[in-house]
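Notes follow once the structure below has been shown.
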Amino acid sequence: MPQSLAHVALVVRDYDEALAFYVGQLGFELVEDTYQPEQDKRWVLVKPKGEGAASIVLARVSNDHQADYIGDQAGGRVFLFLRTDDFWRDYEAYRAQGIEFIREPNEAPYGIVSVFKDLYGNLWDLVQFTDGRA
């Protein structure tokens, strides 16, 4: 039975500020933004440009408990891994967009990687695999 990851939910404070970051600064594609009146929320999907099928659900918090996890969904660890085919192109483009990198680029046995923060403080790896892995 083949399976694949379809979506990952990312807790956000506000849909539009999250869209401004992910679409405006990171250059992700807006896949869907549909209002769901029965739940008074939006179904907002974004994904990196390219052939990958997985997308991120920008999930606006609906209570104080959820709000406690904005920016800390992985307990301070790197939470998401953004694969690129050209590390230096994207690294420089993101820096020009004001993206905060908290670890300098590192050439590891598997590829080139650096850690950046999203608008809420979640940690991401920007990584270009050079060891042949998919």
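As the structure is a computational prediction, the values presented were derived from the model and not from experiment.
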Taking only residues two or more places apart in sequence or in another chain, which ones pass ring-ring contact (aromatic ring centres under 6.0 Å, His included) with Tyr69? His65

Please walk me through it: do Phe81 and Val113 pass side chain to side chain contact (heavy atoms under 4.5 Å, CB included)? CA-CA 10 Å; Phe81 299 78; Val113 63; over 6 Å; no

How far does CZ of Phe116 sit from CG of Leu82, to the nearest 0.5 angstrom? 5.5 Å

Atom pair CD1/CH2 of Ile102 and Trp124 - distance to nearest 0.5 Å: 14.0 Å

Less than 4.5 Å apart, side chain to side chain, heavy atoms only: is that true for Ser114 and Phe87? yes

Is a side-chain donor or acceptor of Asp16 paired with a backbone partner of Ala20 at a separation under 3.5 angstrom? no

Quick check: is Phe28 connected to Leu30 through a chain of hydrophobic side chains (ILVMFWY, heavy atoms under 4.5 Å apart)? yes

Closest heavy-atom pair, Arg60 versus Gln66, reported as atoms and distance to 0.1 Å, is O-OE1, 4.3 Å

Taking everything shown except Asp64 itself, do over 12 heavy atoms lie less than 6.0 Å from its CG? no

Quick one, Val61 and Asp68 - any side-chain contact, counting heavy atoms below 4.5 Å? no

Neighbour count above 12 (heavy atom, 6.0 Å) for Glu104 CD: no

To the nearest 0.5 Å, what is the distance between OH on Tyr15 and CG on Leu58? 9.0 Å

Considering only heavy atoms from C-beta outward, does the side chain of Val8 approach that of Phe79 to under 4.5 Å? yes

Is Leu119 close to Tyr22 at the side-chain level, that is, under 4.5 Å between some pair of heavy atoms? yes

Can you get from Leu19 to Ile70 by hopping between Ile, Leu, Val, Met, Phe, Trp and Tyr side chains that sit under 4.5 Å apart? yes

Spatial distance of atom CD (Gln128) from atom CZ (Arg83) [nearest 0.5 Å]: 11.0 Å

Is the number of heavy atoms from other residues, nucleotides or ligands under 6.0 Å of Arg89 CZ greater than 12? yes

Is any side-chain heavy atom of Tyr91 less than 4.5 Å from a side-chain heavy atom of Thr84? no

Does Glu32 reach the side chain of Val44, with side-chain heavy atoms less than 4.5 Å apart? no

ring-ring contact (aromatic ring centres under 6.0 Å, His included) partners of residues 31-62, not counting sequence neighbours, each pair once: His7-Trp43

Tell me if a side-chain donor or acceptor on Glu100 pairs with a main-chain N or O of Lys117 at a distance below 3.5 Å. no

For atom CD of Glu51, is the number of surrounding heavy atoms from other residues, nucleotides or ligands below 6.0 Å larger than 12? no

Straight-line distance of Leu26 CG to Ile99 CD1, nearest 0.5 Å: 4.5 Å

Evaluate Tyr110 against Val127 for side chain to side chain contact (heavy atoms under 4.5 Å, CB included), listing each step before the verdict. CA-CA 9 Å; Tyr110 57 85; Val127 60; 4.0 Å; yes

For Asn122 and Gly71, the nearest pair of non-hydrogen atoms, with its separation, is OD1-C, 3.1 Å

Mind checking what makes side chain to side chain donor-acceptor pair (under 3.5 Å) contact with Arg95, not counting sequence neighbours? none

Is Val46 close to Val23 at the side-chain level, that is, under 4.5 Å between some pair of heavy atoms? yes

Straight-line distance of Leu45 CG to Thr34 OG1, nearest 0.5 Å: 8.0 Å

same_hphob_cluster(Ile56, Leu5) at 4.5 Å side-chain heavy-atom cutoff: yes

When every non-hydrogen atom of Ala54 is compared with those of Pro48, the smallest separation belongs to O-CD, 4.4 Å

Does the side chain of Tyr94 come within less than 4.5 Å of Phe101's, by heavy atoms? yes

Candidate pair Leu10 and Tyr120, rule side chain to side chain contact (heavy atoms under 4.5 Å, CB included), full reasoning: CA-CA 10 Å; Leu10 184 64; Tyr120 299 114; 5.8 Å; no

